[in-house]
Amino acid sequence: MEMIDTLNPKQREAVLHTEGPLLILAGAGSGKTRVLTHRVACLIEERGVNPWNILAITFTNKAAGEMRERVDRLVKAGAGSVWVSTFHSLCVRILRRFIEYLGYENNFTIYDADDQKMLMKQVIKNLNLDPKQYRERSMMSIISKAKNELIGTEEFRKNSQGDWNLRKAADVYEAYQGELKKNNALDFDDLIFKTVDLFRVNGEVLDYYQERFRYIMVDEYQDTNTAQFELIALLARKYGNLCVVGDDDQSIYKFRGADIGNILNFEETFPGTKVIKLEQNYRSTAHILDAANAVICNNRGRKQKTLWTANEEGPLVMFRQYGQAFEEAEGVIQDILAQGRSYRDFAVLYRTNAQSRLMEEKCISYNIPYRLVGGVNFYQRKEIKDILCYLKTIANGRDDLAVQRIINVPKRGIGTSSIGKIVAWAGEQGLSFYQSCVQAASIPGMGKAAGKIQGFVSQIEDFARRNQAWELGMQEDEAFKTNGRYGLPGLIRDIVEETGYGKELEAEGEEEAKARLENIDELINKAASYCTDSENPNLNGFLEEVSLVADVDRMDDSEDRVTLMTLHSAKGLEFPVVYLSGMEDGLFPSSMSIMSEDPTDIEEERRLCYVGITRARERLTMTAAQMRMTKGETHYSKVSRFVEEIPQELVDLIRPGVRANAYASQTAKYTEKQFGTPKQFKPAAGGGTPGFGREFTIKKAAALEYGAGDRVRHGRFGEGTVQSVVDGARDFEVAVEFDRYGVKKMFASVAKLEKL
DNA sequence: CGTGGCATAGTTTTT
DNA sequence: CTATGCCACG
């Protein structure tokens, strides 16, 4: 396994430790994906593990895709059998096979946040609760929290004794689950919850998957919630080969139920755990990393570790404060233009999606191509949801929500009163909404609307017939697969045309309608590529794939564009040049976290800041505005406390009325007096080696003039004693105990140590 | 039954 | 400020 030579000792250790529980604490940019992929390779090629028995879990499809690709490249045979998947798609696959044990049908549909909201609204209405007092939002978050904690309806009710409000919430929870079940639907949290449920209820199914997944790896472990933890723990219980990779400093999803305790207590939970820390960062310049460390070390309750790098110092971190928020946006955009590098090298990050607007406007006015991640998800757009609801109705008439959404879109003259009658009839007869539609003629008092409803039903039936013909035909005939005759794209086109949906949009004639039609075209393209890429394309498979995509997943980096996104979306990504905008107290950290009684709320924000800083490879600029409009009011804010936490000497700062560190213009240079020998910072050429962090050119010396025990001097860390010298493949790796900075490891050629 | 106008609430972050 | 939702009128 020659590729092992390219790993550093710690990485190598992590790769070779294949048996038993393993916790890899991987700092930002320390090459964890590399370790994971090599570990898979090691399992298969060195340990003789059947690829079929390996499971790698990630949080996003994008991460899963990247890992899949790299495993395929690394492993010659059998890589395809390794199961690389997100938590959610793993669970969907399991549930599609075995959910009948829980009383659902295996063609269940998956509800997204919008669907949940609609359903919740109905539930609150049905229970005759005051919608002012019981908001969908807060009810949903209570239920979501419960599910993430694996608290089912009965247990929730038990816990709610004594608290009137909680008892009401228990009613809502129960009714909500009842509706979901009636619709044969699961929400996102259910996917995990029900899978754990399944494993607990049915020992055979659990055993089957325990046998199947003898080696389990989990990425971004710090962001797992209780349900996910339990899922993994159950699966790993039999063989105990569980390897988790994470960084407690990058835990940023507490609001979604992520429990940082899962990583902090891993060693206690899994006795005999081997812990390996990856502390060498290959991504960022020393200045960027120092800034990140300076910020994060203000947090308590973290695993002690210090990220270090052998990379160049790089330019100072820049901080710019502007007057108005639009001036901030303007400043960022002009800075981007002034650097004259590829647009794809830049990312502008912010705390809240609302901030994207100003940046977008400036990009448009300066004609800068940009890619917006997040905000309104493609699949949440009205027209896309409409079409998808047609498809859902065709696939599974039991999804009442979907049917109700489209029954009068486009206008068929079926109004709220008719729909009310259908719902009532369905309730009386114990039918689904759609079944009730089928019987429209027998519903009392329906009148003229009955014919219209029947028209709708026969249209759906017609589509369903065509789809069935395609799905059956496809299995016998390869040509069907590639949309040669009909297929999914054809079905969507027919829906748009035959229902009059397209006509209705065209009739509007507005700019917006045109954009909608284009979006539908994009959906058709998506369907076409699904049909070609998928082994066994079918309608349900398509709906499933579509319901599990996040926005980052769709981020294609082939085009040369500036990336705009939230700090949360940026996790796991890296860019040569990063802007952290809106560095204002009250915005980042958010006022919620500042007001909060719980001091760990601020710590979560700080971790978010740490994530943001460590996305940058070469150049980091933080910006803030003194004034910003929110809810129609101008707010004045102070500079974010996180900025203040960065030592002054690391920052090139400009703010109205204040100057420090002799402003050094766009191409930062840095002051000799502070850092000793100035180094020429040369940004590596854009689009370098894909995937793994940038490394600056290293020339290995033939031999070193110093050895263990010698006193040496370093440009930045001062004097120290050499602890060890390891002759690595590419360079000597030297560990030095500095008098003032503690132990640091570094590459000899980069560190340029001077023997005393 | 559909539309247009007005009132109100809302901002964290998302698989 | 903006998006959504509700109500009243045609």
Side-chain angles (χ1 to χ4, degrees), chain A residues 57-64 85-92 110-114 116-118 121 125 131-132 135-138 140-141 144 147-148 186-193 220 223-225 227-228 251-258 325 349-358 373-377 379-380 382 408-420 447-449 452 504 547-553 565-572 582 586-596 601-602 604-605 607-609 611-612 628-635:
Chain A
I57 305 180
T58 63
F59 270 80
T60 66
N61 292 307
K62 187 174 160 67
S85 155
T86 65
F87 270 105
H88 294 269
S89 41
L90 168 75
C91 289
V92 170
I110 301 163
Y111 277 5
D112 69 11
D114 269 8
Q116 287 180 57
K117 214 169 120 193
M118 298 281 276
K121 222 167 144 180
K125 214 173 109 191
K132 287 237 155 64
R135 300 183 198 292
E136 307 115 56
R137 267 185 72 94
S138 66
M140 276 162 59
S141 103
S144 171
K147 287 181 180 175
N148 288 165
L186 302 184
D187 65 20
F188 273 121
D189 300 319
D190 278 340
L191 294 177
I192 319 280
F193 184 100
E220 307 282 13
D223 285 325
T224 49
N225 60 36
Q228 289 161 335
S251 163
I252 55 173
Y253 283 110
K254 193 173 102 183
F255 71 94
R256 212 171 64 194
L349 309 182
Y350 35 78
R351 179 67 239 267
T352 67
N353 274 310
Q355 290 166 257
S356 68
R357 195 116 142 199
L358 283 172
V373 181
V376 192
N377 189 317
Y379 293 103
Q380 284 168 10
K382 280 192 215 74
N408 201 30
V409 177
K411 308 258 158 22
R412 293 189 176 88
I414 306 170
T416 37
S417 66
S418 305
I419 291 175
K448 273 184 289 182
K452 295 170 181 167
E504 199 174 71
S547 61
L548 292 176
V549 291
D551 255 319
V552 254
D553 300 338
M565 64 183 156
T566 62
L567 286 152
H568 282 88
S569 308
K571 196 183 69 171
L587 184 61
F588 187 34
S590 73
S591 49
M592 294 267 250
S593 68
I594 294 173
M595 311 281 214
S596 167
D601 283 355
I602 277 278
E604 172 127 331
E605 297 276 309
R607 290 193 291 270
L608 193 53
C609 183
V611 167
R628 189 179 292 273
M629 283 274 261
T630 346
K631 289 196 222 169
E633 277 177 307
T634 305
H635 281 268

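Note that these values count all heavy atoms, side chains included, but never hydrogens, waters or copies made by symmetry. Reminder, nothing fancy here: chain letters follow the sequence lines and each chain counts from 1.
A:Asn225 has its CG atom 14 Å from the P atom of B:dT15, to the nearest Å. Between the C1' atom of B:dT13 and the OH atom of A:Tyr350 lies a distance of 12 Å, rounded to the nearest Å. When the C1' atom of B:dT15 is taken as reference, atom CZ of A:Phe193 falls 18 Å away, rounded to whole Å. Put simply, NZ on A:Lys125 is 9 Å from P on C:dC6, counting in whole angstrom units. Distance, A:Glu136 CD to B:dG10 C1': 13 Å, rounded to whole Å. Here the P atom of nucleotide B:dG2 and the CD atom of A:Glu504 are 10 Å apart, to the nearest Å. To the nearest angstrom, P of B:dT14 lies 15 Å from CD of A:Glu220. Atom C1' of nucleotide B:dT14 and atom CG of A:Leu548 are separated by 13 Å, given to the nearest angstrom.
Not one side-chain nitrogen or oxygen of A:Arg357 sits closer than 4.0 Å to the OP1 or OP2 atom of C:dC1. Applying the 4.0 Å criterion to OP1 and OP2 of B:dG2, one finds that A:Asn408 has a side-chain N or O inside that range. Within the 4.0 Å cut-off from OP1 or OP2 of B:dT11, not a single side-chain nitrogen or oxygen of A:Asn353 is found. Taking only side-chain nitrogens and oxygens, A:Ser590 never comes nearer than 4.0 Å to OP1 or OP2 of B:dT13. Under 4.0 angstrom from either OP1 or OP2 of B:dT14 there lies at least one side-chain N or O belonging to A:Ser569. In terms of phosphate contacts, A:Lys121 brings a side-chain nitrogen or oxygen within less than 4.0 Å of OP1 or OP2 of C:dG5. Phosphate contact (OP1/OP2 of B:dT3, side-chain N/O of A:Lys411, threshold under 4.0 Å): present.
The 12-atom threshold is not exceeded at NZ of A:Lys117, counting heavy atoms of other residues, nucleotides or ligands nearer than 6.0 Å.
For the pair A:Lys571 and A:Phe59, the minimum side-chain heavy-atom distance is 4.5 Å or more. With contacts defined as side-chain heavy-atom distances shorter than 4.5 Å, the pair A:Ser251/A:Asp223 qualifies. No side-chain heavy atom of A:Asn61 sits under 4.5 Å from any side-chain heavy atom of A:His88. Side-chain contact check for A:Gln355 versus A:Leu587: some heavy-atom pair is nearer than 4.5 Å.
When heavy atoms are screened at a 4.0 angstrom cut-off, A:Ser591 is found touching no nucleic acid atom at all. Among the protein residues, A:Asn148 comes within range of no part of the nucleic acid, since none of its heavy atoms lies under 4.0 Å from any strand. Residue contacts shown for A:Ser593 are absent, as no nucleic acid heavy atom lies under 4.0 Å away.
The residue among A:Arg412 and A:Arg137 whose nearest nucleotide of DNA chain B lies closer to the 5′ end is A:Arg412. Nearest-nucleotide positions on DNA chain B for A:Thr58 and A:Ala449 put A:Ala449 closer to the 5' end.
Looking at the side chain of A:Met629, the nearest of the listed nucleotides B:dT12, C:dC1, B:dT15 is C:dC1.
The aromatic ring of A:Phe255 is stacked on the base of B:dT13, with the two ring centres less than 5.5 Å apart and the planes inclined by under 30°. Both geometric conditions, a ring-centre gap below 5.5 Å and a plane tilt below 30°, are fulfilled for A:Phe188 over the base of B:dT15.
Under 3.5 Å, the side chain of A:His88 and the base of B:dT15 form at least one donor-acceptor pair of N or O atoms.
Between the A:Asn408 side chain and the A:Ile414 main chain, a donor and an acceptor come within less than 3.5 Å of each other.
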